[in-house]
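A short worksheet on the structure shown next.
Chain identifiers are assigned alphabetically (A, B, ...) following the order of the sequence lines, protein sequences preceding nucleic acid strands; residue numbering begins at 1 within each chain.
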Amino acid sequence: MALLEVANLGLSFSGLQVIQKLSFAVEQGTIASLIGPNGAGKTSVFNCLTGFYRPDSGRIDFNGHSVIRRKPHKITRAGMARTFQNLRLFKSMTVLENVKSGMHCRTSTGALGAVLQTGSQRREEALITSVSEECLAFVGLLEQKDRRADTLAYGDQRRVEWARALATKPKLLLLDEPAAGLNFDEKKELITLILRIRDELGITILLIEHDMGLVMKVSEMITVIDYGAKIAEGTAENVQNNPKVIEAYLGSEDGEDVL
Amino acid sequence: MAGSSRLTSVSDWLRPQQNRMIVLLVLAGVAMLIPLVVNNYVLEVLTNAWFYTILCLGLNIVVGYAGLLDLGYAAFFAVGAYTTGILTSKFGVNFWLTIPVAVSCSMLAGLIIGGPTLRLRSDYLAIVTLGFGEIVRIIARNLDITGGASGLIGIDRPSIFGLELSRGIHFYYVFLLLAILACFVSYRLQNSRLGRAWQYVREDEDAAEAMGIGRVAVKLYAYVIGAMFGGVAGCFFAVKMTAISPETFTFSQSVLILLGVVLGGMGKIPGVIIGAFALVLFPEVFRGLGSMRMLIFGIVMLVIMLYRPEGIWPQKQREM
Amino acid sequence: MITKQVKAIAVGILASLLIVGQGWAADVKIGIMVPTTGSEATAGKDMENAIKLAVDEINKSGGVLGKNIVTITGDDGCDPQMATAAASKLVSNDVVGVVGGYCSGATLPTLKIYGDAGIPFVVAAANSTKLIDANPGTAFQINSTGFDQVNSAVALFKEKGVKKLAIVNQGDGYSEDLARLTKEKWTGMGNEVVAYAVVNKGEQDQSSLVTLIKSKRPDAVFWTAYYSDGALLIKQLRQAGYHKLIAVGDGSNSPKLLEIAGKAAEGVYCFSNPTADYLPAAGDFIKNYKARYHQAPDAYGPLAYDGMKLMADAITRAGSTDKAAIVKALKETKDFNGITGAISFTDKNTLAKSNFVVLIARGGKWMLNK
Amino acid sequence: MSNLDIILQQLANGLILGSFYALVALGYTMVYGIIKLLNFAHGDLYMVGGFVGFLVLSLISGLMGSSWAGILCSMVFSMLAVGLLGVIIQRIAYVPMLRAPRLSILITALAVSMVLSNGVMAITDGEYLAFNTDLGYEGLDLGNVFISYTQLVLVVSASLLMIILYLFVHKTLYGKAMRAIAIDQDACRLMGINVNRIIALTFFIGSSLAAAAGVMAGVYYGSLHFFMGFVIGLKAFTAAVIGGIGSIPGAMLGGLVLGLLEAFGTQIPFIGSEWKDVFSFGLLILLLIFKPTGLLGKTEIERM
């Protein structure tokens with residue numbers, strides 16, 4: 001059974017159909033991509049998956065359980081973590097504090113424990129710090145841990161977001177345009193990082209991306225959508241040669257993004 | 001500039017935990033010994049300042065930590081005060097036994113108002129809390145058990161180990177101890193998993209939610225703990241005043257407490273204490289300006305929001 | 001920045017310590033507790049003025065027990081919390097007695113503070129009936145209490161042949177107290193209260209209430225609260241065509257009511273504590289007050305003046321500044337001849353004989369109802 | 001009075017009250033619609049409007065008398081002055097806060113409200129002012145139902161102002177710009193619309209409508225007080241929410257609905273007038289929880 005199964009997903013905003021009858025699946029341990037021209041509804045799909053939007057119809061099964069109509073934080077707790085298209089760091093907090101947020105759903109001390117500083121609370125705090133530092137080390141930002149998040153370079157801020165998502169100990173990581181705004185070298189590092197996350201940590205990855213080079217290099221399965229509906233699916237080669245895909249991209253205004 | 005370099009050196013010196021503890025101990029010692037050298041009037045004023053410190057620290061959890069604007073905080077304070085007042089004066093319950101009841105009632109009030117409304121956008125929440133504050137006051141005004149518009153009178157003074165708490169000095173120490181406790185609890189909470197969760201939610205609700213933090217639950221926590229502070233303060237307020245009436249729990253009272261939180265600096269414990277003292281000392285020290293008090297506070301609040309939104313107390317130093 | 005603020009606060013504390021720490025060893029020290037700031041500051045300052053005028057007169061004619069009287073003012077701000085601070089301030093200054101008390105709500109919690117210190121307190125204006133129960137025995141109310149006002153009101157209604165009465169208050173301790181007592185008394189006499197309503201402070205539109213009142217056809221409407229919203233009610237009642245009797249309580253005894261309500265107020269009755277204008281004995285008081293403060297005394301000036309004179313008289317009769325002796329002397333007061341009338345006390349330390357008068361609005365002025 | 005009379009009288013009362021609420025609610029809604037700011041100070045602008053009107057009327061009463069001509073003149077002046085005050089407030093207090101967190105901007109609005117009401121309190125010494133005019137008590141006497149000419153004129157002028165506003169927003173270029181900014185500020189900037197100027201215009205119009213209501217209230221009720229903006233501010237906010245905050249026809253409808261609700265609400269037996277505010281606040285809270293978009297508001301994207 002696939003880790004993530006989406007079937008007949010539908011979403012509309014005040015009459016406008018944003019996603020229609022979308023079905024796809026992500027297998028355990030793979031890297032999958034969701035692509036499509038601007039405004040095709042990719043981020044909307046992410047928002048449905050992570051519980052930020054409530055779809056009108058369809059099914060989303062994650063790890064064998066339906067996550068439809070679940071609150072975003074419960075979905076994260078179930079093992080699906082995401083990054084945002086526009087950076088959404090906690091700007092005025094330190095890098096380490098940012099990453100610690102990921103551990104929130106894996107720990108449980110409440111107000112009483114915090115006030116009394118019980119033994120279990122102190123152990124938990126130590127665990128939160130060590131896991132967060134591991135995650136930072138994984139993305140190569142451990143030295144920067146005490147800096148304010150918004151003083152970091154753009155590319156580093158992205159990596160903080162990744163570390164933060166990794167700290168939630170996800171089974172599936174959703175990356176929303178991870179390469180946006182990165183230069184050539186940074187993109188190369190990014191590809192290594194994506195592969196390392198899958199290979200070293202065993203985390204399944206689903207990404208949305210405009211950069212076709214990157215998509216083609218890392219993804220084992222690609223789903224192409226346009227106007228909220230699936231137009232093609234398959235490996236990089238299959239998709240690249242699909243006439244519907246070419247038409248969708250060339251017919252769209254930002255065809256220059258492609259290939 | 002000489003001034004700023006001195007300030008930096010002071011804050012450098014303050015950085016190690018040890019030095020900060022020294023300062024705190026000295027301050028606590030001074031606060032403990034003050035009653036020996038001042039008269040009743042000054043004592044009464046300082047007692048009031050500690051009382052507002054507790055309230056402001058409680059509201060600070062809601063406004064400063066969780067970033068929720070609560071314009072009806074006096075309601076929680078009222079619930080605590082009335083619960084104790086009614087139980088002691090109408091049912092003859094021992095004061096100390098009323099505290100857990102009063103605190104539970106105010107926490108329950110926090111749950112009732114917070115539960116359904118914390119989903120709302122922040123500006124709606126402000127109005128809802130305002131309305132809730134007024135509703136509590138009007139209920140207190142209209143019920144028989146709360147003594148109607150003239151309130152409850154003749155609330156008994158409590159005793160502890162055979163000592164009746166009746167003199168100003170007794171209440172000074174009661175409120176000082178409560179304020180220290182409030183600081184301690186606030187401090188521990190601020191640096192905990194929950195404290196960080198409040199900060200995450202305040203900075204970016206969606207990102208916090210995506211990180212697996214249930215924003216409604218976290219906000220509700222802030223609300224209920226804030227209400228608890230108000231409830232405790234209310235219990236002791238009732239026995240100190242021996243009489244309570246709905247006029248104490250108006251919208252202006254809520255605004256006053258909010259002012260204390262904003263003046264010193266939202267979310268910062270020393271700032272909030274300074275804010276609370278400023279509230280209480282200002283009308284006593286500048287008596288001639290008494291009727292302009294709220295105008296001056298309003299202007300100061302405006303200036304603070306525009307030029308120094310972090311409040312009077314300096315921002316925590318971070319390595320850049 | 002911080003150090004400056006800390007300094008400012010420290011200087012402030014020190015300054016207040018110094019001010020209150022000074023002694024007036026050879027004098028008799030009397031505390032004045034009135035609101036000199038806040039919403040009721042006007043009334044409070046008037047009382048303070050009147051008390052100081054009385055003190056001057058006493059000192060000019062030799063003081064008490066051969067000593068001068070000095071006063072110290074505690075501002076209660078018409079707020080219970082500020083009032084306890086003010087009372088503590090007066091107690092720490094070792095006053096031998098206190099005169100004042102305007103807002104009942106603020107006066108209430110101070111009774112116990114003065115009581116614990118054994119300090120006699122002449123309550124000049126505050127007259128909620130709640131004060132009677134809370135009195136530890138050291139406070140003396142020289143303003144007629146709510147009970148007396150109710151008696152005056154009920155007597156007027158009976159005299160005017162009223163059968164059905166509507167009562168409106170403002171939801172605060174003072175006006176609710178008066179409204180409730182009137183209702184109890186009126187229904188106890190076998191009459192009918194057809195409407196009993198509350199108007200929220202500051203709410204301008206009372207048209208719904210007016211319709212409600214009109215539909216119940218009362219013979220009289222009794223407004224027990226303050227002049228500001230009372231004027232609006234009167235105006236809207238008259239505009240809507242209610243032409244029967246309207247009466248207002250002593251909180252509405254202000255020329256402002258007539259100014260705001262305009263000609264709608266013509267013929268409205270008002271129950272009032274004895275204000276200077278209607279006191280035959282107050283001629284000199286008014287003259288001296290105007291000469292000194294360049295304005296006319298307000299509603300509670302005469303009572304505050306009498307309160308101070310009574311306190312001095314009690315000290316003289318006690319023959320010492322011992323607080324217990326003064327309390328005893330106050331209790332034994334027999335027909336003290338004040339400008340507001342003769343003062344004696346009941347066993348509950350309230351005024352034995354009501355000094356309420358009934359006024360009527362004629363041509364934009366309050367007149368004594370004859 | 002028969003029941004029918006009561007109903008008719010309360011209908012009239014509710015409509016009059018409702019038109020005041022609507023005028024004030026319009027300002028709330030316009031400002032909220034365009035920059036998503038809950039302007040706590042709006043009720044105080046109503047109060048200041050009343051005082052400015054009073055001041056002008058007492059200055060010119062020697063010239064034009066205190067009848068309709070004088071009142072109209074002072075109303076126009078007050079609308080201009082308070083409109084300007086609204087723009088100044090926006091420039092000083094709100095423009096620097098546009099990118100600040102919501103909490104800060106709400107507290108700023110609260111501070112502005114405190115400064116306005118306590119400033120007027122300091123000037124007037126907290127006293128009530130009698131707003132006396134030469135208007136009589138004459139009116140339409142329909143048996144037991146009575147509507148004074150003053151009431152009639154006020155309702156008609158309130159409706160006129162609202163119609164003018166509606167036409168302005170829907171028929172002029174400025175109105176179109178306002179509606180566009182409400183939808184997407186950044187896009188408008190790209191299209192070359194002077195966004196700041198349009199926002200200032202919105203503040204001007206909203207504030208001057210509040211001032212008009214303030215002067216009308218002064219004329220109608222005959223007294224002014226520094227605290228009078230608080231209650232009406234809350235009521236108008238409720239009206240705006242009932243109608244759907246951000247919607248101009250919604251504010252008008254909400255004002256009327258609230259006016260009628262209050263007028264008939266007090267007539268319900270067994271529920272004393274002392275509970276009235278519990279019901280209006282309770283209604284507001286329930287509405288915000290269950291139907292935050294109001295009667296005419298647009299539904300936002302559903303989010304969990």
Is [X] in contact with chain B via its backbone, its side chain, both, or neither, using a 4.5 Å heavy-atom distance?
| X | answer |
| --- | --- |
| A:Gln117 | both |
| A:Leu116 | backbone |
| A:Phe84 | side chain |
| A:Ala111 | both |
| A:Ser108 | backbone |
| A:Thr50 | neither |
| A:Lys74 | neither |

Inset, instruction - State, with a plain yes or no, whether a side-chain heavy atom of A:Ile128 is found less than 4.5 Å away from one of B:Arg196. - result: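 When only atoms from C-beta onward are counted, B:Arg196 and A:Ile128 do touch, with a gap below 4.5 Å.
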Inset, instruction - May I ask you to test the B:Met211-A:Thr76 pair for a side-chain heavy-atom distance under 4.5 Å? - result: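 A side-chain contact under 4.5 Å is absent here.
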Inset, instruction - Heavy-atom pairs under 4.5 Å with chain A are the metric here; pick the option from B:Ala217, B:Ala210, B:Ser192 that has the most. - result: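 So the answer, after comparing B:Ala217, B:Ala210, B:Ser192, is B:Ala210.
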Legend entry - B:Ala207 versus A:Arg164, closest heavy-atom pair with distance: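 In this case the closest contact between B:Ala207 and A:Arg164 is CB-NH2, 4.0 Å.
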Given a strict heavy-atom distance threshold of 4.5 Å, which part of [X] is in contact with chain A: side chain, backbone, both, or neither?
| X | answer |
| --- | --- |
| B:Phe184 | side chain |
| B:Tyr200 | both |
| B:Ile225 | side chain |

Atom [atom1] of [X] and atom [atom2] of [Y]: how far apart are they, to the nearest 0.5 Å?
| X | Y | atom1 | atom2 | answer |
| --- | --- | --- | --- | --- |
| B:Ile213 | A:Met103 | CD1 | CE | 12.0 Å |
| B:Gln199 | A:Asn98 | CD | CG | 9.5 Å |
| A:Arg82 | B:Asp206 | CZ | CG | 8.5 Å |

Between [options], which residue shows the highest count of heavy-atom pairs closer than 4.5 Å to chain B?
| options | answer |
| --- | --- |
| A:Ala114, A:Ala81, A:Ser101 | A:Ser101 |
| A:Thr168, A:Val115, A:Ile75 | A:Val115 |
| A:Cys105, A:Gly113, A:Ala165 | A:Cys105 |

Inset, instruction - Tell me, yes or no, whether the heavy-atom count around A:Leu112 atom CG, taken from other residues, nucleotides or ligands under 6.0 Å, exceeds 12. - result: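 12 or below, so no.
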Inset, instruction - Check the side chains of B:Arg193 and A:Thr109 for a donor-acceptor pair under 3.5 angstrom, ignoring hydrogens and angles. - result: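 B:Arg193 and A:Thr109 do not have a side-chain donor-acceptor pair below 3.5 Å.
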Legend entry - Ionic contact status for A:Arg88 with B:Glu209, cut-off 4.0 Å: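 Salt bridge flag = no for A:Arg88 with B:Glu209.
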